[in-house]
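Data first, discussion second: the structure below is written as structure tokens.
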Amino acid sequence: MRIGELARLTGTTPRALRYYEEQGLLHPQRRPSGYREYAPDSQHTVRHIQLLLSAGLNTATIAEIVPCIPDETTVLAPTCQELLDLLAEERDRIDAQIAGLTGAKDVLERIMNTSARSGEQGV
DNA sequence: ATTCTTACA
DNA sequence: TGTAAGTA
């Protein structure tokens with residue numbers, strides 16, 4: 001199938017699919033016309049990419065994960081140990097972000113509580 | 001009508 | 001990521 005159909009089937013845009021390819025996430029064949037030719041199962045690959053993207057992983061990391069997925073039917077069945085290690089790192093990264101955001105939120109709340117008592121000098 | 005590449009108010 | 005331009 002060509003880029004337009006794959007985009008329609010996966011709810012993305014041709015633009016995004018070309019970007020994925022540029023990032024080494026997809027490797028469609030080329031027709032003599034120069035048009036990209038996608039395998040029918042690339043549809044599942046794109047879904048996996050979108051899932052990982054929504055988890056906040058960057059394209060470089062996703063490029064390492066995608067080849068670890070056996071059949072395109074499975075929903076990210078962690079096969080290789082490599083994949084599990086990468087996911088563990090991402091989990092830690094997210095925990096770190098949560099800690100950072102929680103800290104930022106606390107700062108704002110302290111400022112708000114101070115301002116609430118009008119007149120006092122905040123922070 | 002679609003896709004391709006390149007480039008950017 | 002959208003979009004415009006100029007092709008194939």
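Chain letters run A, B, ... following the sequence lines, proteins first and then strands; every chain starts at 1. Reckoned from all heavy atoms, side chains included, excluding hydrogens, waters and symmetry mates.
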Same cluster for [X] and [Y] if Ile/Leu/Val/Met/Phe/Trp/Tyr side chains link at under 4.5 Å?
{"X": "M1(A)", "Y": "L25(A)", "answer": "yes"}
{"X": "L86(A)", "Y": "L53(A)", "answer": "yes"}
{"X": "L9(A)", "Y": "Y19(A)", "answer": "yes"}
{"X": "Y38(A)", "Y": "Y35(A)", "answer": "no"}

Rounded to whole Å, how long is the line connecting atom [atom1] of [X] with atom [atom2] of [N]?
{"X": "Y19(A)", "N": "dA7(B)", "atom1": "OH", "atom2": "P", "value": "17 Å"}
{"X": "R8(A)", "N": "dT2(B)", "atom1": "CZ", "atom2": "P", "value": "10 Å"}
{"X": "L17(A)", "N": "dT5(B)", "atom1": "CG", "atom2": "P", "value": "13 Å"}
{"X": "I3(A)", "N": "dT3(B)", "atom1": "CD1", "atom2": "C1'", "value": "8 Å"}

Between Y35(A) and R15(A), the residue closer to the 5' end of DNA chain B by nearest nucleotide is Y35(A)
Heavy-atom nearest nucleotide on DNA chain B for R36(A) versus R2(A): which residue maps closer to 5'? R2(A)
Using 4.0 Å as the upper bound for N to carboxylate O, is an ion pair formed by [Y] and [X]?
{"X": "R30(A)", "Y": "E37(A)", "answer": "no"}
{"X": "E22(A)", "Y": "R15(A)", "answer": "no"}
{"X": "R2(A)", "Y": "E5(A)", "answer": "no"}

Once you apply a heavy-atom cut-off of 4.0 Å, does [X] come out as touching a base, just sugar-phosphate, or nothing?
{"X": "R30(A)", "value": "sugar-phosphate"}
{"X": "T13(A)", "value": "sugar-phosphate"}
{"X": "R18(A)", "value": "base"}

Between S33(A) and L53(A), whichever has its closest DNA chain C nucleotide further toward 5' is L53(A)
Q29(A) CD: over 12 foreign heavy atoms closer than 6.0 Å: no
Should R110(A) and V107(A) count as side-chain neighbours, where that means a heavy-atom distance under 4.5 Å? yes
Span of DNA chain C engaged by chain A, first through last nucleotide within the 4.0 Å heavy-atom cut-off, is dT1(C) to dA8(C)
Strand DNA chain B as a dot-bracket string - pairs counted if Watson-Crick or G-U with both distances under 3.5 Å, | where the partner lies in another strand: .|.|||||.
